[in-house]
There are 2 protein chains.
Amino acid sequence: MKQITKYVIKNSLKRIFLYRSCLVRLKMMGVEKVFSYTLANETGVTPDQVRKDFSEFGIKGNKRGGYKINELLDIMENLFHRNKDHNIVLIGMGNLGLALSKYSKFVQRNMNIVATFDIDPFKQKIRSDITVYSMSRLKEIIDRFRVKVAILAVPEISAQEVADDLVRHGIKGIVNFAPVLLKVPPDVIINNVNLCDELESVIYYVHKQLKVEGLKNLEILYKDMKY
Amino acid sequence: MKQITKYVIKNSLKRIFLYRSCLVRLKMMGVEKVFSYTLANETGVTPDQVRKDFSEFGIKGNKRGGYKINELLDIMENLFHRNKDHNIVLIGMGNLGLALSKYSKFVQRNMNIVATFDIDPFKQKIRSDITVYSMSRLKEIIDRFRVKVAILAVPEISAQEVADDLVRHGIKGIVNFAPVLLKVPPDVIINNVNLCDELESVIYYVHKQLKVEGLKNLEILYKDMKY
DNA sequence: GAATTGATGTGAAACAAATCACAAAATATG
DNA sequence: CATATTTTGTGATTTGTTTCACATCAATTC
């Protein structure tokens, strides 16, 4: 049964990512230990929140001793399966797809785009350093590399069709850049990234802010904005 | 005073964007009227939620008559200031910046990238159709086009520095693609888009899901065995 | 034109997330 | 070794969000 999976990444998970990137930075600076308030300061949240988040993910520290950065990072690596490599496929080698295929940060985090696909693989091959396959070889590659997660960067008109293919071939998670709500079985995770909405919401809040500043009434705004 | 603005787009606002894109589609199909449950079905939420969201943004329908799509869209256009054009600057013409500069959906929604910037404008000019300015002309362009919102697609190492420049020159909102938490005055809106996190969180949930399904199978197995 | 139907709009209730407050534990101090 | 200090971990409380339930209104039917 296909349906729209209204899937939202939990804020607590987003914050864990935040803490981690902060920990990596601190580690590089030679720091070995953090307290909840260190992390809080660095990430703009409250110390309580840090501890609650850790508790949610089963992360324990040492009373009075804070947290050892190495231990924290180990736990997080495990939590996010970062010890293993993750094979990803990328569908759609337009401007955005091309940029994503070259995005070096994925590799740094053990997420490897093992293959990219496009309806017109020859046209795109010129611009790309890595292999662009035709859509007909999707199943073959997904099977060979045991791919479970895909990035979808195709035009919205073909997004659903491609998503259907992906699901049929065993994909269980999709980061979808097309501005459409994909209908998939309930066991498939969809994470929609809508660039227009991201930009537009900033415009919305900026306008609101400017208006409020005119009224010299910041209270309403702060409530709305969740610092 | 500079600080980390942990800024999160409200879910209700995200849903309003969802409703709108759905309304646009329905309008194109010739539909003139919707009910809360129509929108709910199309967007994977509940009818109550649709009505509550509308109520939050002051949108009223007609008892029994549902909502006229044209009226809804008008209200939303106003709400999001879509009647006016919005001038945006884009900083950083690497792979991602280049793709964003060519992203046609922004223009379709009245968000115009009036200029792009890079520390090495000459190198990037080759690949880009639109003008790439050197960073020294930032203030001039921002002033001339009355720009309030910027897209930041520079390497993380220079993100804070560029953000400081932007704020100094009057930018009030930033969509930040660099994986760093920018420190800005509290009246500046930062919306962080972290592509790695988006991908990684899908991997996290997929793994979790597979684990749970494994457990479910186990349960079924035990049930079947009837002790 | 009274009765019925079908939708909205919104308080109330249930649920979820964030903050508070403090006990518990580990370390430091005298 | 007792006391003070510091920081974690987590129930309790508050705050925020979603769902429920129903009064209200407009259209339709008889």
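The model shown is predicted, which means the values in this text are computed figures rather than measured ones. Lettering follows sequence order; numbering is per chain, from 1.
- What separates CD of A:Q49 from P of C:dA21 is a distance of 16 Å, to the nearest Å.
- B:N41 places its CG atom 12 Å from the P atom of C:dA7, with the value rounded to the nearest Å.
- Counting to the nearest Å, the P atom of C:dT10 and the CZ atom of B:F57 are 15 Å from each other.
- Of all heavy-atom pairs between B:R25 and B:E42, the closest is NH2-OE1, 2.6 Å.
- As a whole-Å value, the separation of A:K68 NZ from C:dA26 P is 13 Å.
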Task: salt bridge (charged side-chain N to carboxylate O under 4.0 Å, His left out) evaluation trace for B:R20 with B:E77 - done: CA-CA 9 Å; B:R20 189 186 50 185; B:E77 289 242 320; over 6 Å; no
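- In this structure, A:N11 atom CG and D:dT17 atom P are separated by 11 Å, rounded to whole Å.
- Shown here for A:C22 and A:T43, the closest heavy-atom pair between the two residues is CB-CG2, 4.1 Å.
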TODO: Could you walk me through whether A:E32 and A:K27 pass salt bridge (charged side-chain N to carboxylate O under 4.0 Å, His left out), step by step?
DONE: CA-CA 6 Å; A:E32 288 180 0; A:K27 187 184 175 178; over 6 Å; no
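- The distance from atom CD of B:E56 to atom P of C:dG9 is 15 Å, rounded to the nearest whole Å.
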With the criterion being N/O to N/O and under 3.5 Å, what pairs connect the protein with nucleotides 8-11 of chain D, and how long is each?
from, atom 1, to, atom 2, distance (Å)
D:dT8, OP1, A:S36, N, 2.8
D:dT8, OP2, A:S36, OG, 2.6
D:dG9, OP1, A:G61, N, 2.6
D:dG9, OP1, A:G61, O, 3.2
D:dG9, OP2, A:G61, N, 3.4
D:dG9, OP2, A:Y67, OH, 3.0
D:dG9, N7, A:R51, NE, 2.6
D:dG9, O6, A:R51, NH2, 2.7
D:dT10, OP1, A:K60, NZ, 3.2
D:dG11, O6, A:K52, NZ, 3.1

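- Using a 3.5 Å distance cut-off with no hydrogens or angles, the side chains of A:N62 and A:Y67 do not pair a donor with an acceptor.
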TODO: For the pair A:D164 and A:K2, evaluate salt bridge (charged side-chain N to carboxylate O under 4.0 Å, His left out) and give the outcome as yes or no after the intermediate values.
DONE: CA-CA 10 Å; A:D164 291 345; A:K2 284 204 299 180; 3.3 Å; yes
